[in-house]
Number of protein chains: 2
Amino acid sequence: MDGPTTWQSVRAEAQRRIRTREWPPGAQIPHEADLAAEFGCARATVNRALRDLAEAGYLERRRKGGTRVALTPVRKATFEISIIRQDVEGRGQDYGYRLLSDALEPPPAPVRAALKLTGPAPLRALTALHLADDKPFCLERRWINPAFAGDDVRFDTVSANEWLVRNLAFSGGGFSFYATLADAELSGLLECAPGAALFAIDRTTFSEAQPITAVTLTYAPGYRMVTEI
Amino acid sequence: MDGPTTWQSVRAEAQRRIRTREWPPGAQIPHEADLAAEFGCARATVNRALRDLAEAGYLERRRKGGTRVALTPVRKATFEISIIRQDVEGRGQDYGYRLLSDALEPPPAPVRAALKLTGPAPLRALTALHLADDKPFCLERRWINPAFAGDDVRFDTVSANEWLVRNLAFSGGGFSFYATLADAELSGLLECAPGAALFAIDRTTFSEAQPITAVTLTYAPGYRMVTEI
DNA sequence: AAGTGGTCTAGACCACAAA
DNA sequence: TTGTGGTCTAGACCACTTG
């Protein structure tokens, strides 16, 4: 005996069959019940293994339709959205934060569109600088729905980034990553040459279909966002 | 009766308790057995729900240590690594591909380091251009371990990007995203102004600890990588 | 040593989609 | 209509870690 069949071992064997083309791309693979019989385990164990592979993009499963090997295995990479302070400290540098401005302003059209706002109601507009070892690390330009962070919430010492992460669990939204040029304002704030290439992230956050915040994070030159799979 | 308790409903209720601070950050939550009794369901159902929340970064679970609400909920975003052709076609544009060069060359030091190569053995060096509606979309500069794609594999019409995705299921590796400036060579190939800000991705791929390929994808100006959570 | 999550089993019913 | 995956149950044993 070699103990009970684990779902990891079933997954590994299924991976092997996909890699070796024993189960070629597009082909239908045996039912869970058949595989359970073959591996001598419960169907739930097979289910757990195949569900894992489907989540990773290697299999496509449909009720009644059965399970097929994905024609184009979609690699899914995950990256962690950390608080900027943790990002800096994780690099072994000292973190600093400076709030540059905080006022109510009517949002420009792109921000209104990103947050799906209809009216021109003013939003709370923040500009802040995140520092690493006293040097500019990232510029944060944020628009916040005042209903979620009124005047009583102050961002002098705690960044809006951190406050929102800690106070808005379970929200959805979108990201977009792109490159942008340092204009006069950015080069001044980030203390870099005008015309430098800067990595930037636009992010919108919703909670239960309510718009919460839109933010642009522009990083100082040389920044890389790293992840593994 | 309202039917069996689903793991999704358990997860939703747990989410609510975290959001409302009924389970505050850092606090230990009841055992699976207690929650199962409270919800009137099997422990496996509670386990499925809490495991899901833990994978999303909201809970931290340890055998014997119990389950705690994460102090800093790490948001995990996932993005799909698609074949560039699909990316272009998904935008409703015509895809084109042009192989610019293909030769065996000793890799430069950064590539050797990224692939953890010890010797100076030559790699297959490819340069190719991906087109959208006949305009440059993305420049691909790739180094491939010849053991995995010898001379018999030709990349005239099928991009190495696509060939590798289709032929190397189950591989690991790393990504890094950054911004870079268009130098003379890049501006010529991507038909953009010198000094433009370009979004770029470095990627390394390993299969079973064997180095497979290192690639730099440099996108034409204006490209955004988009994802949702 | 003991408590907690991780997993497996065997069986059952259900939801969905294909035929 | 029917076949397939999705899920729930009740019980059991095990692995890991903390005390």
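Values below: every heavy atom of this structure, side chains too, minus hydrogens, waters and symmetry copies. Below, chains carry the letters A, B, ... as their sequence lines are ordered, and counting in each starts from 1.
With rounding to the nearest 0.5 angstrom, the CD atom of A:E22 is 7.0 Å from the CD atom of A:E13. Put simply, CZ on B:R203 and OG1 on B:T216 are 12.5 Å apart, with the number rounded to the nearest 0.5 Å.
Dashed line: the shortest gap from a side-chain N or O of B:T45 to OP1 or OP2 of D:dT9 is under 4.0 Å. Between A:Q8 and C:dT7 there is a side-chain polar atom (N or O) within less than 4.0 angstrom of OP1 or OP2. Checking the phosphate oxygens (OP1, OP2) of C:dT7, a side-chain nitrogen or oxygen of A:R48 falls inside 4.0 Å.
Comparing D:dG5, D:dC8, D:dT4 against the side chain of A:K64 picks out D:dT4 as the nearest. Distance from the side chain of B:H31 is smallest to C:dT4 among D:dC8, D:dT9, C:dT4. Among the nucleotides D:dC16, C:dT7, D:dC8, the one closest to any side-chain atom of B:P4 is D:dC8. Nearest nucleotide to the A:C41 side chain, out of C:dT9, C:dG6, D:dG6: C:dT9. Checking C:dT7, C:dG5, D:dG5 against every side-chain atom of B:E32, the shortest atom distance belongs to C:dG5.
Aromatic ring centroids of B:Y223 and B:F137 lie under 6.0 Å apart.
Salt bridge annotation for A:D202-B:R224: present, with a cationic side-chain nitrogen under 4.0 angstrom from a carboxylate oxygen.
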